[in-house]
Amino acid sequence: MDDAPNPNWFLRARLKTRQLLLLIALDDHRNIHRASEALCMTQPAASKQLKDLEDMLEVKLFERLPRGMEPTLFGETMIRHARMALTSLSLAHDDIVALKKGLTGQVEVGVIMTPGMSLLPRAIARIKAQAPLLRIGVQMETSKVLLELLRRGTLDFMIGRILEEEGSTGLHYEELTEEPACAVVRLRHPLLARQDLGLADLAQQAWILPPPGSVLRHRWELMFRRAALEPPANAVDTTALLLITALLQQTDALHVMPLEVARYYASLNALAILPIELPCSMDAFGIITRQGHLMSPGARALLQEVRSVAGELY
């Protein structure tokens, strides 16, 4: 057998879909009689299909045992790729059906808070105008949670950050923009009238903050320490936006949040942004996909709209 890699070996060998189905049935049943019954084949026909495949590959795919069959290392490799190939063919059929009907199907996307407030909603609005029957599921979580869902295949793509501890193996990252932070307060807060605010003024205030250990909390604390100030000790730790909004309205506390999110809430008159530029920011975020993952037409169309809107926003 020629050991040189040949991307079209399966065409030359005329590999049959029936043989792939047989490999999977044998793996499921570990018995050629039951496997052939499951595929509505005769046992001699199934045996011949398996022998032809083994002869073509020049390896033994299954060990014939007294009580059944066990895949060899070569067999396990072929079974894994057979399942992947048939899954891909099934998705191809779904894509064709979706395209014939107009853009339909299901897209699952993950997003962190900042792009979830402006970028993704605009992209969804545009794709829905073109394809109203496209079902879109959105999960807004931290990048750590979303990366795990993406690796599992639960998400088609996500908009977030690549975390250092997670690494980027098997992922493709397309940076969109950095994420500056700002301080927000209730409307008519006394500090809003000040034009000469400095970090020393903010160090004397009560704060509503993301929990210790979070990236933004760390950057916020670092901001004060770099200015030779002790970070404020009067703080409430929470990420619940409804609670944060209620506390801001009922107290004089300050809150730190991404600037883009703050602008959204300020446009609704839910809070006000303090007139001070904080030397505090989150890492850049971007579009993250799995390398080698073939997206559905609907997922590709939504991703294209995300890129288009990002080009306008950032």
Derivation of the salt bridge (charged side-chain N to carboxylate O under 4.0 Å, His left out) call for Arg80 and Asp27: CA-CA 10 Å; Arg80 178 164 53 89; Asp27 186 43; over 6 Å; no
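Judged as a salt bridge (Lys or Arg N to Asp or Glu O under 4.0 Å), the pairs with a partner in residues 114-132 (not counting sequence neighbours) are, in order, Arg126-Glu312. Under the side-chain hydrogen bond (donor to acceptor under 3.5 Å, both in side chains) criterion, the residue pairs touching residues 189-212 are Arg194-Asp196, Arg194-Asp201, with sequence neighbours excluded. Pairs engaging residues 239-259 under the salt bridge (Lys or Arg N to Asp or Glu O under 4.0 Å) rule: Arg186-Asp252 [sequence neighbours left out].
Salt bridge Arg152/Glu148: present, at least one basic N to carboxylate O contact under 4.0 Å.
For the pair Ile273/Leu259, a side-chain contact is recorded, criterion being any heavy-atom separation below 4.5 Å from C-beta on. Contact of the Val184 side chain with the Leu248 side chain is registered, since non-hydrogen atoms from C-beta on lie closer than 4.5 Å. You'll find the side chain of Phe74 stays beyond 4.5 Å of the side chain of Glu54, heavy atoms only. Using a 4.5 Å heavy-atom cutoff, the side chains of Met69 and Leu50 are in contact. In this structure the side chain of Arg219 never reaches within 4.5 angstrom of the side chain of Val256, judged on heavy atoms.
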Show me the side-chain donor-acceptor pairs of residues 224-242 shorter than 3.5 Å, one per line, residues at least two apart or across chains.
residue: Asp237; atom: OD1; partner: Arg217; partner atom: NH1; Å: 2.8
residue: Thr238; atom: OG1; partner: Ala240; partner atom: N; Å: 3.1

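Residues satisfying the side chain to side chain contact (heavy atoms under 4.5 Å, CB included) criterion with Glu37, sequence neighbours excluded, are His33. Residues passing the salt bridge (Lys or Arg N to Asp or Glu O under 4.0 Å) test with Arg188, sequence neighbours excluded: none.
Rounding to the nearest 0.5 Å gives a distance of 9.5 Å between OG1 of Thr142 and CD1 of Ile112. From Glu70, atom CD reaches atom CD of Glu76 across 7.5 Å, with rounding to the nearest 0.5 Å.
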